[in-house]
Every structure is written in structure tokens, then in C-alpha cells.
Amino acid sequence: MSASNEIAVGPHSFSTTMQRQNKTLIAMGTSYLTYFRLAICSAVLYLEPHATNHIVTSLHNSTDDELSSIVLEISYHKPVRASDFRWATTHYTKKNGHDKVHIKELIDAFNALYRDVKRDDRYLLEYHLDRVSLSLNGDFLGSIFGGKDLAQAIYSIWFGEYPFFERLKKDLLTPLVS
């Protein structure tokens, strides 16, 4: 891949485009998250070219024509246990109001997909019309069918009213300048 097809986010490089479900998604927002100078992760938000970054904050209000695919790629700079991902997913989806029984059951199923990550591992979180999928370092871990309700809940971890880290949300929602 040539340098013009990559974007540097902290110490890691990401592709500027991604092919998913016969669509080309483009890098729309990035974040290099540190906490007291400790590198946590680098992340890129990929959307369809016509979408705006803020559409991820209100998926339930979008039509399939406006948005049918979202990808969030996160590269970790430190190890994270699967149990920590499960805790954060349960905590932040609930804190953001996604605690109805049917959503909780879907979130529990999604939580089962998480694996421990080590430094430089990458999670790829994808939403496509009717499902949310998770991959680790290119290995597909699974999909949970739950439509926009599940996607809204899962993406609220990063983009909800009460996100995991406010600066990460702000950075990812800030459009890249071409």
C-alpha cells in the first residue's frame, strides 16, 4: 500500500479506505488516545462517503439510504483483558440507556465475542444493516443480529451521551480535512 493510501494515528498506520459489503468506506475521523501520557489506543471511524461523522450518535434516526455501514477500527497500545471489554460494554451501554431486556440479551451475546488483546492487536467493529460484527487481527469472531437497536447500543460506548472517553468521542466525530 502506498503512503497516500494510509493515515498515521499515533504510532500506527490505517488505511484511508476500506471495502465492506460491496461499499467503499472512507476514514472520516481519527483518535490517538493517551491518558497521563500513557498510550491507550489509536482508532479510525470509517463511513460511507456521503455520511457525516455525527450520524453514529443517532443511528436509530437514520434511514438505510443514509447509512448502512459503519466500521470502527481500534489498535491497542497496551494489553486489555476480555473481561474488561465485557465490563465496559455492559456498563456504558446501560449508562447510555440501552438496558431493555431484548437489548441486554443481545449485548450479552456480543460480550461473548471478546478476546484478550495484547499490544498492537486490532479490533474491527462493523455494523451492516442488520448486524454488528467483531474481528480481531483479521480473524472474524462473530456477528450478532440486532439491527440498529444493537448498533446504537454498542456504538454508544464511544459515541453515546456517556462515552468511555469523551476525548476519543470528540476526536472521532471531528471530520478529517482532505
Side-chain angles (χ1 to χ4, degrees), residues 1 6-15 17-21 23 25 27-36 38-47 56 59 69-96 98-99 101-160 162-169 171-172:
M1 198 180 298
E6 294 184 348
I7 186 168
V9 184
H12 292 153
S13 293
F14 293 80
S15 178
T17 62
M18 184 175 290
Q19 286 296 129
R20 288 293 186 265
Q21 304 291 316
K23 293 179 186 237
L25 306 181
M28 300 290 267
T30 66
S31 181
Y32 174 52
L33 183 62
T34 60
Y35 187 70
F36 291 109
L38 175 66
I40 306 298
C41 66
S42 297
V44 175
L45 174 64
Y46 295 91
L47 298 170
V56 295
L59 294 175
S69 296
I70 301 169
V71 173
L72 181 60
E73 185 174 12
I74 304 174
S75 179
Y76 292 89
H77 302 293
K78 57 184 242 83
V80 182
R81 295 179 308 220
S83 60
D84 293 330
F85 287 116
R86 290 181 191 111
W87 177 87
T89 298
T90 300
H91 176 78
Y92 286 100
T93 55
K94 184 176 181 179
K95 190 171 183 175
N96 281 297
H98 304 285
D99 54 1
V101 173
H102 80 284
I103 290 295
K104 184 184 176 326
E105 291 171 352
L106 294 171
I107 290 168
D108 289 346
F110 186 83
N111 276 340
L113 301 177
Y114 285 123
R115 303 292 179 263
D116 293 342
V117 299
K118 57 189 181 307
R119 186 172 190 220
D120 297 331
D121 278 352
R122 289 184 187 222
Y123 264 136
L124 197 68
L125 175 68
E126 303 181 61
Y127 163 69
H128 300 291
L129 288 179
D130 59 351
R131 71 178 96 47
V132 177
S133 304
L134 190 65
S135 299
L136 178 61
N137 298 325
D139 294 329
F140 179 73
L141 300 175
S143 290
I144 306 300
F145 290 82
K148 287 182 186 173
D149 288 342
L150 176 61
Q152 186 72 51
I154 296 295
Y155 281 97
S156 76
I157 300 163
W158 299 275
F159 303 109
Y162 303 103
F164 163 71
F165 209 99
E166 187 65 41
R167 194 178 81 230
L168 179 70
K169 174 184 173 179
D171 289 350
L172 289 170

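Separation of atoms NZ (Lys94) and CD1 (Ile103) is listed at 15.0 Å; rounding is to 0.5 Å. To the nearest 0.5 Å, atoms CZ (Arg20) and CD (Glu126) are separated by 4.5 Å.
Classified by interplanar angle (parallel below 30°, tilted 30° to 60°, perpendicular above 60°), the ring pair His12/His77 is parallel.
The number of heavy-atom neighbours closer than 6.0 Å to CZ of Phe164, taken from other residues, nucleotides and ligands shown, is 12 or below. Within 6.0 Å of atom CZ in Arg167, more than 12 heavy atoms from other residues, nucleotides or ligands are found, so the atom counts as buried in its surroundings.
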Only distances under 3.5 Å count here; give the side-chain donor-acceptor pairs of residues 80-87 to other protein atoms, sequence neighbours excluded, each with its distance to 0.1 Å.
| residue | atom | partner | partner atom | Å |
| --- | --- | --- | --- | --- |
| Arg81 | NE | Asp84 | OD2 | 3.3 |
| Arg81 | NH2 | Asp84 | OD1 | 3.0 |
| Arg81 | NH2 | Asp84 | OD2 | 3.3 |
| Arg86 | NE | Asn111 | O | 3.0 |
| Arg86 | NH2 | Tyr114 | O | 3.2 |

Solution key, residues 133-140 side-chain donor-acceptor pairs under 3.5 Å, sequence neighbours excluded:
| residue | atom | partner | partner atom | Å |
| --- | --- | --- | --- | --- |
| Ser133 | OG | Ser143 | OG | 2.4 |
| Asn137 | OD1 | Arg122 | N | 2.8 |
| Asn137 | ND2 | Asp121 | OD1 | 2.8 |

| request: Carefully, step by step, assess Phe165 and Tyr35 under the rule side chain to side chain contact (heavy atoms under 4.5 Å, CB included). | output: CA-CA 10 Å; Phe165 209 99; Tyr35 187 70; 3.6 Å; yes
| message | Walk me through whether Tyr32 and Ile40 qualify under side chain to side chain contact (heavy atoms under 4.5 Å, CB included). | response | CA-CA 8 Å; Tyr32 174 52; Ile40 306 298; over 6 Å; no
| task | Determine, stepwise, if the pair Arg119 / Lys78 fulfils side chain to side chain contact (heavy atoms under 4.5 Å, CB included). | result | CA-CA 5 Å; Arg119 186 172 190 220; Lys78 57 184 242 83; over 6 Å; no
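Considering only heavy atoms from C-beta on, Phe145 comes within 4.5 Å of Arg131 through its side chain. A 4.5 Å side-chain heavy-atom check between Ile107 and Thr89 finds at least one atom pair inside the cut-off. No side-chain heavy atom of Ile70 sits under 4.5 Å from any side-chain heavy atom of His128.
Between the side chain of Lys169 and the main chain of Gly160, a donor-acceptor pair closer than 3.5 Å is present.
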